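A short write-up of the structure that comes next.
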Amino acid sequence: VLRRFPNLESVSFASNRINDPPPSLDLRPDEFVNLRVLNLNNAGIATFRTIASLGIAAPNLAELCAARSDLSDMGTFNEDAAAAEGGDDDADTADGGAEDDNGAVVTPSAIGGFDRLELLDLSDCLLTDWNSQIRRLRDLPALRELILNDNPIPRVVVPPRNEDDGGGADAAASAAADFPS
């Protein structure tokens, strides 16, 4: 549909059973440059790969709604891609990340693209882990609103503010807080 209407800026496929596109449907980089708002709520999306491909194909996307999708594979998305490319997964940890030289878990970024994404609704997407799934969205540079309603996430881990610079005594004093959901 988007290829037939290349000037669309906003489109909703909510509650249509469009499912994941077949792998043979090659979404090309910058294919949907005019698309700013896309609603895929309850559209039968069953893999995070579909969502990730939109970041490349629709570089100007500002709002993406994918509520009621099965994105439970989000935690293994980069691992699956690396394995397909023959990547080394010896350093992988159980939560989808790898350990750095100090033994801290480094969670890979979820996806490329989405440089302009401001709103992301992942409500009821079967997300269950903060570190391996949700935390990887931290690298989305324009993200201002993240909706995670109705996911069985058992806890939210909030790292210290200055986590990336080593932290020092202030970081130790304000160590990561766990908030049960």
Side-chain angles (χ1 to χ4, degrees), residues 1-89 92 95-98 106-149 151 164:
V1 171
L2 295 175
R3 286 181 175 151
R4 300 274 185 204
F5 298 96
N7 293 324
L8 284 178
E9 291 184 11
S10 178
V11 65
S12 176
F13 294 113
S15 297
N16 285 291
R17 302 309 293 176
I18 61 171
N19 301 318
D20 294 297
S24 61
L25 181 66
D26 185 32
L27 295 178
R28 296 180 299 274
D30 300 332
E31 186 168 9
F32 309 117
V33 294
N34 292 323
L35 192 60
R36 307 265 187 283
V37 177
L38 179 59
N39 184 340
L40 296 172
N41 289 344
N42 198 36
I45 304 301
T47 177
F48 187 71
R49 184 170 309 284
T50 297
I51 301 303
S53 67
L54 293 170
I56 305 301
N60 295 315
L61 203 59
E63 295 183 17
L64 175 60
C65 299
R68 290 177 301 287
S69 297
D70 181 357
L71 303 182
S72 59
D73 67 334
M74 183 176 174
T76 61
F77 175 72
N78 284 359
E79 292 171 4
D80 294 344
E85 296 171 7
D88 179 15
D89 61 354
D92 289 345
D95 70 356
V106 178
T107 307
S109 177
I111 44 181
F114 289 118
D115 291 338
R116 292 180 175 87
L117 190 67
E118 295 179 13
L119 180 143
L120 179 59
D121 183 353
L122 299 179
S123 297
D124 194 18
C125 286
L126 304 176
L127 301 176
T128 59
D129 188 76
W130 185 263
N131 281 332
S132 68
Q133 294 173 324
I134 309 307
R135 191 166 181 251
R136 52 184 40 204
L137 299 172
R138 72 188 183 280
D139 294 330
L140 298 178
L143 192 63
R144 302 289 175 258
E145 191 170 347
L146 178 61
I147 304 168
L148 298 170
N149 299 331
N151 282 292
D164 295 332

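Throughout, residue positions are numbered sequentially from 1 according to the sequence presented. Since the structure is predicted, the reported quantities are computational estimates derived from the model, not experimental observations.
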With the side chain counted from C-beta on, respond yes when Gln133 and Leu126 share a heavy-atom pair under 4.5 Å apart, and no when they do not.
no
Strictly by side chain to side chain donor-acceptor pair (under 3.5 Å), give each pair with a member in residues 53-69 just once, sequence neighbours left out.
Asn60-Arg116
As an exercise, state the distance from OG1 of Thr47 to CG of Asp70, rounded to the nearest 0.5 Å.
8.5 Å
Can you check side chain to side chain contact (heavy atoms under 4.5 Å, CB included) on Phe32 and Leu61, steps first, answer last?
CA-CA 9 Å; Phe32 309 117; Leu61 203 59; over 6 Å; no
State the CG-CG distance between Leu64 and Leu119, to the nearest 0.5 angstrom.
8.5 Å
Exam field: side chain Asn39 to backbone Asn41, donor-acceptor pair closer than 3.5 Å
yes
Could you note down all residue pairs passing salt bridge (Lys or Arg N to Asp or Glu O under 4.0 Å) where residues 27-39 supplies at least one of them, sequence neighbours left out?
Arg3-Glu31, Arg28-Glu31
Could you check whether any side-chain heavy atom of Val1 comes within less than 4.5 Å of a side-chain heavy atom of Ile18, counting everything from C-beta outward?
no
Partners meeting side chain to side chain contact (heavy atoms under 4.5 Å, CB included) with Arg4 (sequence neighbours left out):
none
Interatomic spacing from CG in Leu38 to CD1 in Ile51 - rounded to 0.5 Å
8.0 Å
Closest heavy-atom contact between Leu140 and Gly113?
CD2-O, 4.3 Å
If you take all heavy atoms of Asn42 and Arg17, which pair is closest and at what distance?
O-NH1, 3.5 Å
Rounding to 0.5 Å, atoms CG (Leu117) and CG (Asp115) come to a distance of 9.5 Å
Does Leu8 have any side chain to side chain contact (heavy atoms under 4.5 Å, CB included) partners at least two apart in sequence or in another chain, and if so, which?
Leu2, Phe5, Val11
Within the 4.5 Å heavy-atom criterion, are Asp20 and Arg49 side-chain neighbours or not?
no
Taking the side chain as every heavy atom from C-beta outward, state whether Leu35 and Leu54 have any pair of such atoms under 4.5 Å apart.
no
Side chain to side chain contact (heavy atoms under 4.5 Å, CB included) involving Asn149 - partner list, sequence neighbours excluded
Ser123, Ile147
To the nearest 0.5 angstrom, please state how far the CG atom of Leu122 sits from the CZ atom of Phe48.
7.5 Å
OG1 of Thr128 to CG of Asn151: how many Å apart, nearest 0.5 Å?
8.5 Å
Restricting to non-hydrogen atoms, name the atom on Ala66 and the atom on Cys125 that form the minimum distance, rounded to 0.1 Å.
O-SG, 3.1 Å
Using a 4.5 Å cut-off on heavy atoms from C-beta on, say whether the side chain of Phe13 contacts that of Ile45.
no
Ala142: which residues meet the side chain to side chain contact (heavy atoms under 4.5 Å, CB included) condition with it, sequence neighbours left out?
Glu118
Which pair of non-hydrogen atoms, one from Pro141 and one from Phe114, has the smallest distance, and what is that distance?
CD-O, 4.1 Å
